[in-house]
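Written below as structure tokens is the structure these notes are about.
Proteins get letters first, then strands, A, B, ... in listed order; numbering begins at 1 in each.
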There are 2 protein chains.
Amino acid sequence: MTDVKGPEELGSTVAYRLGALGSVAESRFAARVEPLGIKPKHAGLLAALAAGGAPSQQDLAARLGVAPSLVVSLADHLEACGAVERTRDSRDRRRQVLTLTREGRGLLARCAAAARELDDELTASMTGPQVAALREALELVGRGL
Amino acid sequence: MTDVKGPEELGSTVAYRLGALGSVAESRFAARVEPLGIKPKHAGLLAALAAGGAPSQQDLAARLGVAPSLVVSLADHLEACGAVERTRDSRDRRRQVLTLTREGRGLLARCAAAARELDDELTASMTGPQVAALREALELVGRGL
DNA sequence: TCCATATCATTCACAACTCGAATGATTACG
DNA sequence: CGTAATCATTCGAGTTGTGAATGATATGGA
């Protein structure tokens, strides 16, 4: 009853607002990494590689929430850029192990820098503690999958 | 300085995480409103109509961050559903005024209910204050556009 | 050992989304 | 009064992502 059941009900929802803001965040991020020759999903793949052990492409697909076939084309492009290398797993030769090259790490670092710049833009009207709260909140949501 | 400048730099970014979480939030929301015969953008249009005066479709396009031509097809579908009505603006007969019908308001209410259910799911592992902080943070980011 | 089944990466065709340019009607301005 | 601007709409095209085949390899049971 403290709720305002007014017309903006949907807009005050986490689910909807997250989706709406997410799409503008993604397109702005895309604009920033476009000069680097990649798209947000490529950056995501790079980050996943930097984060984890040596997972299969199927694992990567699951982490990124995309189809395995998409990981193939993402990896194709990154390999063409010289950012990753494909090597057959000697223990299971069906698997293709993706490893970051030195250039790949550099590319990822530039993506992260671009993202940080964008963060400054997105949070320009917020105070330090507010930004920190946002980071923590997003972290928590992500943890719950 | 509390930042870990490690390999997960990108993932700790607001821009990237917002984009990633946004896409899963949107797809889950899409799954929930799909039985209602609409997609997230339709819901967004309904909410925009409920929120504002009687804006032109161009205004709506700008608010939603999409091309005007997309608003046409969104409105087409909603009109077919009986959720909105098109009437020519008597003062400027180029403009088409979209108005919510009673059914449209009901549909929007169901979308909001679906979004609230999804909120419960997304924030299941969070405490009340944490959820409130998230809502406020998203609100602030959205305000800064 | 050998065969059936399952898993992996990959390719390919297709559906869905969204945009931008043309179109026609109407309005605003000089 | 005519020229340019604005609105909604249509249409064609580009991009993105998916799911179903394919071929290679692995696994487990008879």
B:K41 side chain near C:dT18 phosphate (N/O to OP1/OP2, under 4.0 Å): yes
Upstream residue (5' side of DNA chain D) when A:L74 and A:R93 are each assigned their closest nucleotide: A:L74
Between D:dT15 (P) and A:E34 (CD): distance, integer Å: 12 Å
Sugar-phosphate only, base, or nothing, as touched by A:S56 at under 4.0 Å among non-hydrogen atoms: sugar-phosphate
Sugar-phosphate, base or nothing in reach of A:V71, heavy atoms under 4.0 Å: nothing
Rounded distance (Å) that lies between atom P of C:dT11 and atom CD of A:Q57: 10 Å
Atom pair distance, as rounded to whole Å: CZ in B:R86 and P in D:dA8: 10 Å
Most 5' of A:V66 and B:D92 on DNA chain D, judged by nearest nucleotide: B:D92
Whole-Å gap separating C1' (C:dG24) and CD (B:Q96): 14 Å
Rounded distance (Å) that lies between atom P of C:dC8 and atom CZ of A:R94: 6 Å
Short side-chain to backbone donor-acceptor contact, B:R17 and B:G11, under 3.5 Å: yes
Any donor-acceptor pair under 3.5 Å from B:R88 side chain to B:V97 backbone: no
Atom-to-atom span, CG of A:D59 to P of C:dT7 - whole angstrom: 13 Å
Sugar-phosphate, base or nothing in reach of A:R88, heavy atoms under 4.0 Å: nothing
Between C:dC17 (C1') and A:E26 (CD): distance, integer Å: 13 Å
N or O in side chain of A:Q58 less than 4.0 angstrom from C:dT7 OP1/OP2: no
A:D119 side chain to B:T13 backbone, donor-acceptor under 3.5 Å: no
From D:dT16, C:dT18, D:dT9, nucleotide with atom closest to B:L70 side chain: C:dT18
Nucleotide nearest A:R95 when distance is taken to its side chain, options D:dA8, C:dA9, C:dC19: C:dA9
d(CZ, A:R91; C1', C:dC8) in whole Å: 16 Å
Presence of A:K39 side-chain N/O under 4.0 Å of D:dT15 phosphate oxygens OP1/OP2: no
Under 3.5 Å: donor-acceptor pair, side chain of B:S56, backbone of B:R95: no
Charged N-O contact under 4.0 Å between A:R135 and A:E139: no
No-H, no-angle donor-acceptor pair, A:S69 side chain to D:dG17 base, under 3.5 Å: no
